[in-house]
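A short write-up of the structure that comes next.
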Amino acid sequence: MACRAAGKRGIDVGLKRVLTSTSLGHAVGLTSRTSLGSAARYIPESSTSSFLQGSGHHTTLESPIRCFHASRELWARRKNDDQGAGLKTQKKGKFAKRIKKPPVDAPYVPPKLKRITKSLQDKTIDIFEGMTTVELAKRTGQSVISLQELLVNLGEKVVSEFDPLKIDVAELVVMEAGANVRRLHSNEGSEILPRPVVVTVMGHVDHGKTSLLDALRQTSVAAKEAGGITQHLGAFVVSMPSGAAITFLDTPGHAAFSAMRARGAAVTDLVVLVVAADDGVMPQTLEAISHAKSANVPVIVAINKCDKPSANPERVKLQLASEGFLLEEMGGDIQVVEVSAITKIGLDNLEEAILLQAEMMELKARVDGHAQAYVVEAKLDKGRGPLATAIVKAGTLVCGQHVVVGSEWGRIRVIRDMSGKLTERARPAMPVVIEGLKGLPMAGDDVTVVETEERARMLSAGRRRKYEKDRLRQIMEQRTNTNEPSEDDSVVPERTEMPLIVKADVQGTVQAVTDALRTLNSPQVFVNVVHVGVGPISQSDVDLAQACGAYIVGFNVKSPPSSISQAATKAGTKIMQHQVIYHLLDEVGNLVVDKAPGTLETQVAGAAEVLNIFELKGRSKSAGGDIKIAGCRVMDGHFSKSSSMRLLRSGEEVFEGPCTSLKINKHDVELVEKGNECGLVILGCNDFQIGDVIQCLEQVVRKPKLIISDNGIARIECY
């Protein structure tokens, strides 16, 4: 009955919905809620389907529940009934209309600062033998594909990214990627034996370092040095009376050779700090202490010149303790030995202290395999070519091997010890001189042994490209920093350029002299080192100096031939030759002072007191109005007609202007000395009173001043 009633009314619902919905049940005449639920519970699904098929109404066979079609009015009524029952209805339309709202004034929130990552050019990548392309990609931050492309360009066969690479190939790949390289060597599976200790002697200039080493090895090197001071880095082996061999490095004490002392501390095992008993702790002594601390090496203090009457070792110990040096006598672990290089007192104690410290350190090194060496000095010999003085750190350096030293390469032709004798191989802690390089390396470069000449050429070319890129990048950064606008762009100081060409005997001295000359830079003069080189002054140096207007500086080099000297004189090029760093800095510093434009300053040249006032009247209109003349007596200095005058009254300035007339007894003069009386007229000033003071002002060009401190550091002070 309910279904027929629903069909007559045109309700398009299922049977169970009619029986379970309260509102629809009332629409078809079912009022009881219980009868609705029981009717729906006892009617199975199959009965509903067969009933609908038998009723003759339109049904869909795919769905077990059939639906009727309804009119718009019934659809509207059904919608209202469903909303009354709490059912959600779907909104018509696919998109909702967006209402534009006016902008809201929100507070400003600054953006988060991005984390500044270290550029690849400033990174140092550690590489080792047998590392894979995947490991290189992780360390460099590059993709594996890009590194494989670099390997293909280098001529290497690429099979898998997990194949081990040679350490030379890994270095080439990292340099091509733009990063710096540091090689790591493993001693696994190698023969490790004890080695001699490497000792670096450091201290202030003229404290007796070389004299102490001469006393140890019974030589007289200090007497042959120019000016009595060491200006090179020396390396030699000393056989002690006990039979032990010790490798010594002698470093210069002058302030200009700081880089040499740093190289000595980088390769040493032990530092002997020499302090003069009559002079005490000096600036280079403190610098040597800082070098030793940065290299993390132990220190033995040798108090020299204890034989002098003015020696005071206890004062030296207190000075060292005040600098944070804990001596053994004060409960620390730093040994102190009192010695004398002249009387040879305490040398046995110094040897005992060095060997005791070396025994505690248990120094050992790898003996077999390719050598690792460090260049301490390099020079250019006329007959033998480029020579490199190196100390072997590990392995064995054999004559005939192909090596790469910095950006230079070559095949070792000859190996000599420090006494000049030929040797076939060099073992750890042994200083040797290497011949056979194609070019002159830099002091501080590492010696790398490679297997073939082709690999040596490739590695040398890669390092040169990397060096050139870094050099150009530094130049661009310096130009960028120079071109940045300052806070006060209106005041631009005048600055002249002083180009220099530096030639020296060895590579380390070239670097030291260049650094010392660059300290003479000032706001008025820019010391520009346009070229450096090792060896004597040549004709090409004169031509370059003539082209750029440079001065030639020769340090510890032979005098040029007469033809080169005449060519330099004809071209107007000045050649400065010195063998002592003090004299070189003194001459170049005075040259910088002379070349500086200086600054204009106003100085008081004289002072005069107004004794009387004279007035000239009746002048024509073309000549001007009345003029007042101040009759004065010059009390101090002098008065000049071309100078400016300042009128003071009770110590305060009243007027300032140029002098238009200066006379003595009606005669025009240009200068009035102290004690004379004169009459003067100041342009535009008619307010003179008896007792006023008139000052004569002059513009003076004040030049900079060369200052050389006690420790040898030179600088230019501008006013």
Side-chain angles (χ1 to χ4, degrees), residues 168 171 180-183 185 195 198-200 230-237 247-252 257-269 291 295 365 370-381 384-399 401-418 420 423 425-450 456 459-460 462-464 466-467 504-515 532-535 556:
D168 303 329
E171 180 177 349
N180 300 318
V181 181
R182 180 170 55 214
R183 291 190 171 212
H185 298 273
R195 63 169 178 85
V198 179
V199 179
T200 299
T230 303
Q231 300 177 119
H232 299 86
L233 185 63
F236 41 85
V237 179
T247 300
F248 282 99
L249 292 179
D250 186 16
T251 61
F257 301 98
S258 176
M260 288 189 181
R261 291 188 289 274
R263 288 198 299 272
V267 74
T268 189
D269 302 315
H291 284 314
H370 289 329
Q372 305 169 37
Y374 183 86
V375 177
V376 295
E377 197 59 273
K379 66 178 181 178
L380 192 63
D381 189 81
R384 296 186 291 172
L387 305 178
T389 303
I391 292 182
V392 181
K393 296 189 289 186
T396 302
L397 194 65
V398 182
C399 186
Q401 289 179 331
H402 292 90
V403 294
V404 179
V405 186
S407 59
E408 304 295 337
W409 72 278
R411 183 176 179 269
I412 300 178
R413 185 171 65 247
V414 174
I415 298 178
R416 300 177 185 268
D417 59 12
M418 300 312 296
T423 180
R425 58 188 67 242
R427 292 187 174 272
M430 182 177 177
V432 291
V433 178
I434 303 172
E435 300 181 19
L437 297 177
K438 301 296 181 182
L440 192 66
M442 300 291 290
D445 288 340
D446 290 324
V447 179
T448 304
V449 180
V450 296
L459 200 56
S460 174
R463 290 182 178 181
R464 285 183 180 178
K466 179 68 171 59
Y467 172 76
D505 54 346
V506 295
Q507 186 66 258
T509 306
V510 169
Q511 299 176 14
V513 172
T514 302
D515 295 340
V532 296
V534 176
N556 274 339

### Message
So which atom in D168 and which in L459 form the shortest heavy-atom distance, rounded to 0.1 Å?
### Response
O-CD1, 4.0 Å
### Query
Considering residues at least two apart in sequence or located in another chain, which fulfil the side-chain contact (heavy atoms from CB on, under 4.5 Å) criterion with L387?
K379, D381, R384, V433, E435
### Query
Between A378 and P441, what is the shortest heavy-atom contact and its length?
CB-O, 3.6 Å
### Task
Would you give the length of the straight line joining atom CD1 of I434 to atom CZ of R413, rounded to the nearest 0.5 angstrom?
12.0 Å
### Message
Tell me which one of V403, V404, I412 satisfies side-chain contact (heavy atoms from CB on, under 4.5 Å) with V449.
### Response
V403
### Query
Are Q511 and V532 close enough that some pair of their side-chain heavy atoms sits under 4.5 Å apart?
no
### Task
Would you give the length of the straight line joining atom OG1 of T423 to atom CG of L397, rounded to the nearest 0.5 angstrom?
10.0 Å
### Message
If you compare all heavy atoms of S407 against all heavy atoms of S460, which two are closest, and at what distance to 0.1 Å?
### Response
O-OG, 2.5 Å
### Query
Closest approach of G395 and V392, non-hydrogen atoms and distance?
O-CG1, 3.7 Å
### Task
Write out all pairs satisfying side-chain hydrogen bond (donor to acceptor under 3.5 Å, both in side chains) with one or both partners inside residues 437-446, taking only residues at least two apart or from two chains.
none
### Task
Apply side-chain contact (heavy atoms from CB on, under 4.5 Å) to R427 and list each qualifying residue two or more places apart in sequence or on a separate chain.
V367, T396
### Message
Is it the case that the side chain of T268 and the backbone of T200 share a donor-acceptor pair, with hydrogens and angles ignored and the cut-off at 3.5 Å?
### Response
yes
### Task
Taking the side chain as every heavy atom from C-beta outward, state whether I415 and M430 have any pair of such atoms under 4.5 Å apart.
no
### Task
For P431, check side-chain contact (heavy atoms from CB on, under 4.5 Å) against everything at least two apart and list the hits.
A235, V237, T247, I391, M418
### Query
How far apart are the closest heavy atoms of T514 and V510, and which atoms are they?
OG1-O, 2.7 Å
### Query
Between L440 and V534, what is the shortest heavy-atom contact and its length?
CD2-CG2, 3.2 Å
### Task
Go through the structure and list residues passing side chain to side chain donor-acceptor pair (under 3.5 Å) with R464, not counting sequence neighbours.
E408
### Query
Looking at residues at least two apart in the chain, or sitting in another chain, which of them share a side chain to side chain donor-acceptor pair (under 3.5 Å) with E171?
R183, R463
